[in-house]
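Here the structure is laid out as structure tokens; the discussion comes afterwards.
Just so we're on the same page: letters track the sequence lines, and every chain starts at 1. On a predicted model such as this, the values are computed, not experimentally measured, just so you know.
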Protein chains: 2
Amino acid sequence: MTATLETLAQQLREHGHKLTQPRCAVLHALLSTAKPLSPAEIQALGQGFCADLGLVTVYRTLELMEEIELVRPVHLADGCHGYVLATPGHTHHVICERCHAVIEISGCGMGDFLNFVAERTGYRITGHWLEISGLCADCQHIP
Amino acid sequence: MTATLETLAQQLREHGHKLTQPRCAVLHALLSTAKPLSPAEIQALGQGFCADLGLVTVYRTLELMEEIELVRPVHLADGCHGYVLATPGHTHHVICERCHAVIEISGCGMGDFLNFVAERTGYRITGHWLEISGLCADCQHIP
DNA sequence: ATCCTAATTGAAAAGACTTTTCAATTAGGA
DNA sequence: TCCTAATTGAAAAGTCTTTTCAATTAGGAT
């Protein structure tokens, strides 16, 4: 199921939020690429759709969308963080070190490992954050 | 093998860095707790050892120590990041959501999962970042 | 279709965090 | 003990993010 502007907008509505031009612009920006985008990048891209999209609004919109799990924050190796559209359910990201292309892995084969960790540490495990970095198929061929 | 001030200092030396009071103070701070500390916290704790430890120096020292893998950055759920002493080799952290206590898991049972990811995505996997959050044994008993 | 109200907006300001610059100090080999 | 390059703290600059506030807007009520 690929997210469209319509389905995403619908989700905003369902959570009682208004569907405004600036919010559409943010969705447009995020839909335009699979790479994680910084707030500033989202603003720049979004301005193609809503000319006076403010950076402040991008921050507020991302916060909102993160709450309702429309977007997901991603920590990049260089310390920046970006946002990508979230696919529903529990997923992990594989990020290309070179071009920042992202693939989401749905389904998470980590249950056993987490059980082992719980047993070993005495912690009650409530969540985990995994990001995998590598070189995407394209970038492997570039020296 | 638990790190001591001596072994850590030794490693700084081996990498050609001088062993200064401010650097010792940072190590003292990090040795004093298993929790991830922010630069500001490290400064505050470190000033007990080196009274005029500057925040700038803490940043520089952490950068240095991260390069030679004496410390490791940790992303906390609330967005802050902290630093903890790194144990050598590949480890992951389990962080208590409530008190921020950290346990390192050495040895990483994720090889199979990463192979699966590589096969599925076509990426050449070069690294991964995993943090596990939960409640530590103590905090489970606090409502 | 128009009105109304609360939600939302952009700009400016404030705030937090981090890095750079630079003169003064310090570690540690000569 | 001396010397030199590494290191330091303070101040300034820079970046990123949040708050404030008056103006605008979406969308249900009329």
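Checking side-chain atoms of B:Gln47 against main-chain N and O of B:Leu53 turns up a donor-acceptor pair under 3.5 Å. The backbone N or O of B:Gly122 lies less than 3.5 Å from a partner atom in the side chain of A:Gln140, making a donor-acceptor pair. Not a single donor-acceptor pair under 3.5 Å links the side chain of A:Ser133 to the backbone N or O of A:Glu97.
For B:His17 and C:dG28, the NE2 to C1' distance is 15 Å, given to the nearest whole Å. Rounded to whole Å, the distance from CG on B:Asp52 to P on D:dA11 is 13 Å. Counting to the nearest Å, the P atom of C:dT8 and the CE atom of A:Met65 are 11 Å from each other. One can place CG of A:Leu62 at 15 Å from C1' of C:dT9, the figure rounded to the nearest angstrom. In this structure, CD1 of A:Ile42 is placed 14 Å from P of D:dC16, rounded to the nearest angstrom. In this structure, the CG atom of A:Leu53 is 15 Å from the C1' atom of D:dT25, given to the nearest Å. Rounded to whole Å, atom P of C:dA11 lies 15 Å from atom OH of A:Tyr59. Separating the NE2 atom of A:His15 from the P atom of D:dG27 is a distance of 16 Å, rounded to the nearest angstrom.
Taking a 4.0 Å limit (strictly below) on heavy-atom distances, residues 21-30 of chain A reaches DNA chain C at A:Pro22, A:Arg23.
Here B:Arg13 reaches the OP1 or OP2 of C:dG28: one of its side-chain N or O atoms lies under 4.0 Å away. Contact annotation: A:Thr20 side-chain N/O to C:dA7 OP1/OP2 distance is not under 4.0 Å.
Classified by interplanar angle (parallel below 30°, tilted 30° to 60°, perpendicular above 60°), the ring pair B:His92/B:His128 is tilted.
Heavy-atom distances to DNA chain D give each of B:Val56 and B:Lys18 a nearest nucleotide, and the one nearer the 5′ end belongs to B:Lys18.
Looking at the side chain of B:Leu19, the nearest of the listed nucleotides C:dC22, C:dT18, C:dG28 is C:dG28.
Contact detail for A:Gln11 and A:Ile68: the closest heavy-atom pair is O-CD1, 4.2 Å. Across all non-hydrogen atoms, the minimal contact from B:Leu30 to B:Tyr83 is CD2-O, 3.6 Å. Across all their heavy atoms, B:Glu69 and B:Ala86 have their closest contact at O-CB, 3.7 Å.
Taking the side chain as every heavy atom from C-beta outward, B:Asp138 and B:Cys99 never approach each other to under 4.5 Å. Proximity of B:Phe113 to A:Leu130: side-chain heavy atoms (C-beta onward) are separated by under 4.5 Å at one or more points.
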Dot-bracket notation for DNA chain C is requested: 5' to 3', Watson-Crick or G-U wobble pairs only, both distances under 3.5 Å, with ( ), [ ], | and . as defined. ||||||||||||||||||||||||||||||

